[in-house]
Amino acid sequence: TFSSSRLSLLLPCPPSGPAPPVPASLSRRYPVKRLLLLLLSVACYDMCITFLPVSFFLHSVKLWASAFGGEIKSIAAKYSGSQLLQKKYKEYEKDVAIEEIDGLQLVKKLAKNMEEMFHKKSEAVRRLVEAAEDAYLKHEFDADLQYEYFNAVLINERDEEGNYLELGKEFILVPNDHFNNLPVNISLSDVQVPTNMYNKDPAIVNGVYWSESLNKVFVDNFDRDPSLIWQYFGSAKGFFRQYPGIKWEPDENGVIAFDCRNRKWYIQAATSPKDVVILVDVSGSMKGLRLTIAKQTVSSILDTLGDDDFFNIIAYNEELHYVEPCLNGTLVQADRANKEHFREHLDKLFAKGIGMLDIALNEAFNMLNEFNHTGQGSICSQAIMLITDGAVDTYDTIFAKYNWPDRKVRIFTYLIGREAAFADNLKWMACANKGFFTQISTLADVQENVMEYLHVLSRPKVIDQEHDVVWTEAYIDSTLADDQGLVLMTTVAMPVFSKQNETRSKGILLGVVGTDVPLYYICVYIMTDSVTHPVPWTAEFVTV
Ligand SMILES: *[C@@H]1O[C@H](CO)[C@@H](O)[C@H](O)[C@H]1NC(C)=O
Ligand SMILES: *[C@@H]1O[C@H](CO)[C@@H](O)[C@H](O)[C@H]1NC(C)=O
Ligand SMILES: *[C@@H]1O[C@H](CO)[C@@H](O)[C@H](O)[C@H]1NC(C)=O
Ligand SMILES: *[C@@H]1O[C@H](CO)[C@@H](O)[C@H](O)[C@H]1NC(C)=O
């Protein structure tokens, strides 16, 4: 019916003049009108639509919609038992009071509650930042400083003779239900140092010493807001001071791999979002250990990227090899899935041929430039990470073409291996492009050296003393997991800077302070307070 009505609408009234000539053979079999209809309907469906009045379509569509709606309604009624439910509700009608809720009012109140809660957490973090910055300002570095701190791994450990280990004095721990019954010490924080670092390194001992003054702020914050859980300071030197103090156990290999500087909250607070192209030299000279170190370096760089960042990895010799060939010429978000995917492809790299860095640099600059134009990336911060065992040239012409005088793309160069023959060129490239040069000679060096670039990228923030509060995306926390399952957390974090006048322009990041907020806490806080009676599903929501 539809097609015939459509066509009849389309046709003009029967011609008043003489009919157009029609071949006799056709007119015999089809009346002229019919034929025209047929041709029109077959040949120009799209064109016809444009000729038809809108009201006609509206009418048909309304008809379809109501037919469709009626059908759905009857199916829904049949299978949901809605009538039965209605009957049931009727039975209870006398006992039930209906209260009207002002939706706008409710939302406003929710917003206010949330704001207060966010504000309270941010204030706690801000107090920690102030205390840390003041403490550092007053501290004078002492390379010979001897200081016995509570090392979270060594506390309460004794040697064969029953004496406490160095840095492992007695540390009283009491199970606390606010902390999921973990044994904690709520009057002191303690300090964790990654296994690959020397826990009596002067930089660490000095840092631990001045950050001791955070203890009283931790305790004070907890007094003011008893809903706070972990509070901490992650130092740029690598140690992690956590309140309340707990005992850390090494993993099954006896290793404490946790490095606070790799955590999302740390990176997010310390740096602005960035677009990064990683160039890895896979020429013949990179064979063997160098390639292994290079891969590890790439992997460590990936560790420092988060959801706000975009990246790609190109291996180069005479040719360019995108590590993931499907993602040729663009950058992808550095989320976990993408990073894992690229890591798997890294294993396939092998070294041969000669390295043509100029081609790789051209590609990287073009890619970053194009990506910036898409407006998807970070806008502010772009970098090229170059991992190689040497460069024969300084490639001035390329930098002049793409990056000077504004030097918007920073170049970080990582020299792999012990030889320093080509170090000068790499140093020059980094310095001429507002970056940083690092030599990585052994696998053990990788992580520590890769971290260095974060200082440089946080420099603009430091110089402007931008104390932005960051809230990380939700993540799963295992320490507070209980029989109800894992707990989703968000972290409020803020960077800590050196306020010393003489280093101010250099921009020295001391670390990041943070506190965790479980997401269910936000839900409970909002729900229970905003409605006169707690919403029945709150309890269930919490367990989910
Ligand atoms: C925390 O540990 C210290 C050192 O062992 C101890 O003196 C203090 O009483 C402990 N605090 C609590 C609340 O257990
Ligand atoms: C990237 O894709 C373009 C176009 O498809 C192609 O010409 C180029 O060779 C590719 N580059 C690499 C390195 O795969
Ligand atoms: C990216 O583009 C914006 C404007 O479109 C510009 O202000 C910014 O400097 C560019 N960033 C880089 C690193 O080129
Ligand atoms: C640092 O500089 C500011 C102003 O530039 C000055 O007020 C302050 O006293 C200086 N502090 C120190 C410790 O020199």
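Counting starts at 1 for both ligands and their atoms, in listed order. Numbering starts at 1 and runs along the sequence shown.
Using a 4.0 Å cut-off between heavy atoms, N185 contacts ligand 1 through its side chain alone, with no backbone atom that close. Looking at E170 against ligand 1, only its backbone comes within 4.0 Å, counting heavy atoms.
Counting only heavy atoms of the protein, atom 11 (N) of ligand 1 lies nearest to S187 OG, 2.7 Å. Looking at atom 12 (C) of ligand 3, its nearest protein heavy atom turns out to be N372 ND2, 3.3 Å.
K237 and D201 are not joined by a salt bridge, as no carboxylate oxygen comes within less than 4.0 angstrom of a charged side-chain nitrogen. In this structure, E419 pairs ionically with R290, as a charged nitrogen and a carboxylate oxygen lie closer than 4.0 Å. For R158 and E170, the salt-bridge test fails: no basic side-chain N is under 4.0 Å from an acidic carboxylate O. Ion pair K138/D134 not flagged as a salt bridge, since none of the NZ, NE, NH1 or NH2 atoms sits closer than 4.0 Å to an Asp/Glu carboxylate oxygen. Checked for salt-bridge contact, R224 and E123 miss the test: no charged N lies under 4.0 Å from a carboxylate O. Between K274 and D308, no side-chain nitrogen of the basic residue sits less than 4.0 Å from a carboxylate oxygen of the acidic one, so the salt-bridge criterion is not met.
Less than 4.0 angstrom separates atom 1 (C) of ligand 2 from at least one non-hydrogen atom of the protein. Under the 4.0 Å distance rule, the nearest protein heavy atom to atom 14 (O) of ligand 2 falls inside the cut-off. For atom 9 (O) of ligand 3, the nearest protein heavy atom lies closer than 4.0 Å. Of the protein's heavy atoms, none falls inside 4.0 Å of atom 5 (O) of ligand 3.
Inclusion of N328 in the set of residues having an N or O under 3.5 Å from an N or O of ligand 2 is warranted. Polar contact with ligand 1: present for I172 (N/O pair, distance under 3.5 Å).
Using cut-offs of 30° and 60° on the angle between ring planes, the pair F399 and F365 is perpendicular. Between F171 and F150, the ring-plane angle classifies as tilted under the 30° and 60° cut-offs.
The atoms of ligand 3 that sit less than 4.0 Å from any heavy atom of Q382 are 12 (C), 13 (C). Within the listing of ligand 1, atoms 5 (O) sit less than 4.0 angstrom from a heavy atom of F171.
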